[in-house]
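The block underneath contains the structure these notes are about, expressed in structure tokens.
Residue indices begin at 1 and follow the sequence shown.
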Amino acid sequence: MATLTMTIDGKAVKGSGSTGVVNPATGQIFAEVPDCTKAELDLAMDAAKRAFPAWSRDFDARRKVLNDIAGILMQPPEGLARTLTMEQGKPLDKAAQEVMLTAMWCGYTASLDIPSEVLLDNEAGRIEVRRKPLGVVAAITPWNYPLMLAMWKIAPALLAGNTVVLKPSPFTPMSTLMLGEILRDIVPPGVLNTVSGGDGLGAMMTSHPVPRKISFTGSVETGKKVAAAAAPDLKRVTLELGGNDPAIVLADANLKDVAPKIFWGAFENSGQICSAIKRVYVPEEMYAPMLDILAEMARGAKVGNGLDAGTQLGPINNQPQFERVTELVEDARKHGARIITGGARVGTEGYFYAPTIVGEISDGVRLVDEEQFGPALPVIPYKNVEDALRRANATHYGLSGSVWSSDANHGAEVAAQLECGSAWVNQHLAIAPNLPFGGAKWSGIGVENGPWGLLSFTEIQVVNVAKN
Ligand code: NAD
């Protein structure tokens with residue numbers, strides 16, 4: 001059994017309790033990690049609070065630390081990607097790619113500035129709009145991209161001058177704890193603390209008196225609890241929540257070109273991406289050929305243990321999520337939908353689920369209306385574009401969406417009518433460190449990434465000087 005430690009005040013903390021981590025490819029516990037207690041969380045919060053004044057003083061020093069972090073992660077220690085695969089399930093090459101993206105995100109953020117604006121400077125006075133850090137940030141992440149999504153928080157929070165207490169999902173704590181261990185010698189004590197534990201630990205963090213901001217990525221349901229917990233103390237929040245992202249195929253699209261991109265837009269990371277395609281709207285006349293191509297791709301995708309060479313789709317990450325996907329597909333079946341391919345578990349151990357294409361289904365069925373967050377894609381026929389747009393927008397979600405057309409300009413006109421944070425044309429999952437990413441409606445509050453994400457870790461101060 002591996003023994004990873006929390007990082008509190010720059011030191012390794014084993015914790016007084018522990019909890020098991022399941023490998024989703026086997027369904028078996030393969031490691032134990034600390035289960036952070038209230039007292040240990042208090043130590044982490046206190047360390048972050050004490051580290052804040054010195055850390056917030058020197059921008060150049062902070063930029064250097066971020067560049068050092070990026071440098072270390074560019075040559076990651078043996079075992080980081082492997083650990084990510086074992087706890088999360090994704091193929092090893094994708095885990096290595098996530099580590100690289102984590103480094104790249106950090107390096108990009110290190111290149112940003114936080115400029116002050118001088119609005120007036122003359123003999124009468126000087127007015128400057130400055131950006132100040134908030135203090136301690138409580139960062140809470142989900143289990144689908146534990147390292148990359150943690151870096152979306154850590155890098156801007158630290159560059160802006162805040163200190164951080166970071167909690168990963170209880171399903172994927174190990175890579176984050178490893179990150180804390182790797183960075184212990186680079187980041188000054190108390191500046192970045194990592195704690196592991198269950199949902200209760202998250203709740204303790206959001207109601208803790210120390211943090212001034214909560215940066216949360218997870219489900220809508222939990223996001224609402226986080227917002228409620230933040231309210232009494234008026235903590236700032238950024239909420240990156242779930243999505244039910246539509247892809248609308250227009251009648252002029254070339255199916256052979258777009259279908260493979262749509263397939264991977266839906267099934268990358270076994271569908272466990274907040275902004276993955278969760279439902280596809282296809283013109284009636286293209287419906288049957290579209291189902292054929294998607295089903296063929298689903299049958300051809302190699303499902304397996306992420307550690308095995310050639311695996312394209314790993315298991316679903318955890319048992320509750322496996323049960324949820326199973327339940328949504330069974331519900332669709334009961335409501336008369338046709339399971340074109342898939343619709344069953346693969347093998348007898350672990351949480352493998354066959355990539356599933358569901359046809360003859362429409363709005364009003366849970367698989368279409370809810371976020372499945374797994375390898376099951378409903379494909380829905382439509383009569384005209386207005387109808388498709390209306391159905392695509394008839395949801396509380398608003399994370400992203402895509403439109404597919406041979407005419408990119410027309411595609412862009414249709415995409416602009418989607419009620420979501422990222423509207424893509426002829427692509428999906430086009431996420432980059434310099435682009436703001438966030439959700440409309442219930443999919444979130446605020447954005448991450450780029451200068452916009454960075455500034456969300458600051459507060460405005462107007463320094464207004466009368467000179468006479
Ligand atoms: P989740 O909401 O169950 O958990 C997310 C994190 O919140 C975990 O660390 C969990 O322990 C913690 N948590 C649980 N209850 C809490 C509480 N009451 N207070 C504070 N923290 C609490 O989500 P999940 O199942 O881990 O992740 C899947 C969800 O995340 C999906 O809905 C997905 O769309 C969403 N997601 C969104 C984005 C985005 O950027 N918008 C990215 C990835 C995932």
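- The two residues Y351 and G27 make their nearest non-hydrogen contact at OH-CA, 4.0 Å.
- Between the side chain of H335 and the main chain of D331, a donor-acceptor pair closer than 3.5 Å is present.
- A distance-only check finds no donor-acceptor pair linking the side chain of Y382 to the backbone of L389 [under 3.5 Å].
- Between E459 and R212 no salt bridge is recorded (no basic side-chain N to carboxylate O distance below 4.0 Å).
- No donor-acceptor pair under 3.5 Å is formed between the side chain of N162 and the backbone N or O of P133.
- Under the 3.5 Å distance criterion, with hydrogens and angles disregarded, a donor-acceptor pair is assigned to the side chains of N449 and W105.
- Counted by atom type alone, S422 and W424 present zero donor-acceptor pairs between their side chains at under 3.5 Å.
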request  = Starting from the C-alpha separation in whole Å, work towards a yes-or-no answer on ring-ring contact (aromatic ring centres under 6.0 Å, His included) for F373 and W143.
outcome  = CA-CA 11 Å; F373 212 63; W143 44 259; 5.2 Å; yes

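- The two residues Q427 and S402 have their closest heavy-atom pair at O-CB, 3.3 Å.
- Within a 6.0 Å radius of CD in E78, no more than 12 heavy atoms belonging to other residues, nucleotides or ligands are found.
- At most 12 non-hydrogen atoms from other residues, nucleotides or ligands lie less than 6.0 angstrom from CZ of R82.
- Side-chain contact annotation: S175 with E87, donor-acceptor N/O pair under 3.5 Å present.
- Distance alone, capped at 3.5 Å, places no donor-acceptor pair between the N269 side chain and the G271 backbone.
- I114 is listed as a side-chain neighbour of L455, based on a closest heavy-atom distance under 4.5 Å.
- Minimum heavy-atom separation, S196 to P173: CB-CB, 4.1 Å.
- Looking at E371, its side chain never comes within 3.5 Å of a backbone N or O of N244 through a donor-acceptor pair.
- Between H410 and L250 the shortest heavy-atom distance is CD2-CD1, 3.6 Å.
- Using a 4.5 Å heavy-atom threshold, the side chains of Y353 and T326 count as touching.
- Salt-bridge annotation for R279 and D245: absent, with no side-chain N of the basic residue lying under 4.0 Å from a carboxylate O of the acidic one.
- In the displayed structure, E284 atom CD is contacted under 6.0 Å by more than 12 heavy atoms of other residues, nucleotides or ligands.
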request  = Dump the intermediate steps for side chain to side chain contact (heavy atoms under 4.5 Å, CB included) on L377 and V358, then the final yes or no.
outcome  = CA-CA 6 Å; L377 182 65; V358 181; over 6 Å; no

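- Between K261 and D257 no salt bridge is recorded (no basic side-chain N to carboxylate O distance below 4.0 Å).
- In the model, S18 has no side-chain atom that pairs as donor or acceptor with a side-chain atom of D35 under 3.5 Å.
- Of the possible polar contacts, none joining the T356 side chain to the A376 backbone as a donor-acceptor pair under 3.5 Å is found.
- Using a 4.5 Å heavy-atom threshold, the side chains of E448 and P156 count as separate.
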N144 vs N317, side chain to side chain contact (heavy atoms under 4.5 Å, CB included): CA-CA, chis, key distance, verdict = CA-CA 8 Å; N144 58 341; N317 172 258; over 6 Å; no

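- The pair R63-D113 counts as a salt bridge, with a side-chain nitrogen and a carboxylate oxygen less than 4.0 angstrom apart.
- Closest heavy-atom contact between A230 and I214: CB-CD1, 3.8 Å.
- Using modelled atom types, no side-chain atom of D199 and backbone atom of T222 make a donor-acceptor pair closer than 3.5 Å.
- Figure legend: K278 and Y397 shown without cation-pi pairing, the cationic atom not lying both under 6.0 angstrom from the six-membered ring centre and within 45 degrees of its axis.
- Below 30°, between 30° and 60°, or above 60°: for W442 and H396 the angle between ring planes is below 30°, a parallel geometry.
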task = Determine, step by step, whether F171 and V22 satisfy the side chain to side chain contact (heavy atoms under 4.5 Å, CB included) criterion, reporting the C-alpha distance in whole Å, the side-chain angles of both residues, the deciding distance to 0.1 Å, and the verdict.
result = CA-CA 7 Å; F171 295 112; V22 171; over 6 Å; no

ask   = Where do L147 and L80 land on the side chain to side chain contact (heavy atoms under 4.5 Å, CB included) test, with the steps shown first?
value = CA-CA 10 Å; L147 286 175; L80 182 58; 4.1 Å; yes

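- Using a 4.5 Å heavy-atom threshold, the side chains of L294 and V379 count as touching.
- For the 3.5 Å distance criterion, the side chains of S456 and R236 fail to qualify, holding no donor opposite an acceptor.
- N426 contributes a side-chain N or O that, together with a main-chain N or O of S405, makes up a donor-acceptor pair within less than 3.5 Å.
- Side-chain atoms of S169 do not come within 3.5 Å of backbone N or O of T141 as any donor-acceptor pair.
- Side chain of Q88 to main chain of K90: a donor-acceptor pair is present (N/O by atom type, distance under 3.5 Å, no hydrogens or angles).
- At most 12 non-hydrogen atoms from other residues, nucleotides or ligands lie less than 6.0 angstrom from CD of E296.
- Taking 4.0 Å as the cut-off between side-chain N and carboxylate O, R390 and D387 count as a salt-bridged pair.
- Using modelled atom types and a 3.5 Å distance limit, the side chains of T217 and K153 yield a donor-acceptor pair.
- Between E330 and R333 there is a salt bridge, since a side-chain N of the basic residue sits under 4.0 Å from a carboxylate O of the acidic one.
- Side-chain atoms of K213 and T238 include a donor-acceptor pair closer than 3.5 Å.
- Counting all heavy atoms, side chain and backbone alike, A110 lies closest to L66 at CB-CB, 3.7 Å.
- Ring centroids of W152 and Y145 are separated by 6.0 Å or more, keeping the two rings apart.
- Between S443 and V220 the shortest side-chain heavy-atom distance does not fall below 4.5 Å.
- Looking at heavy atoms from C-beta onward, F352 lies out of side-chain contact with R345 at the 4.5 angstrom threshold.
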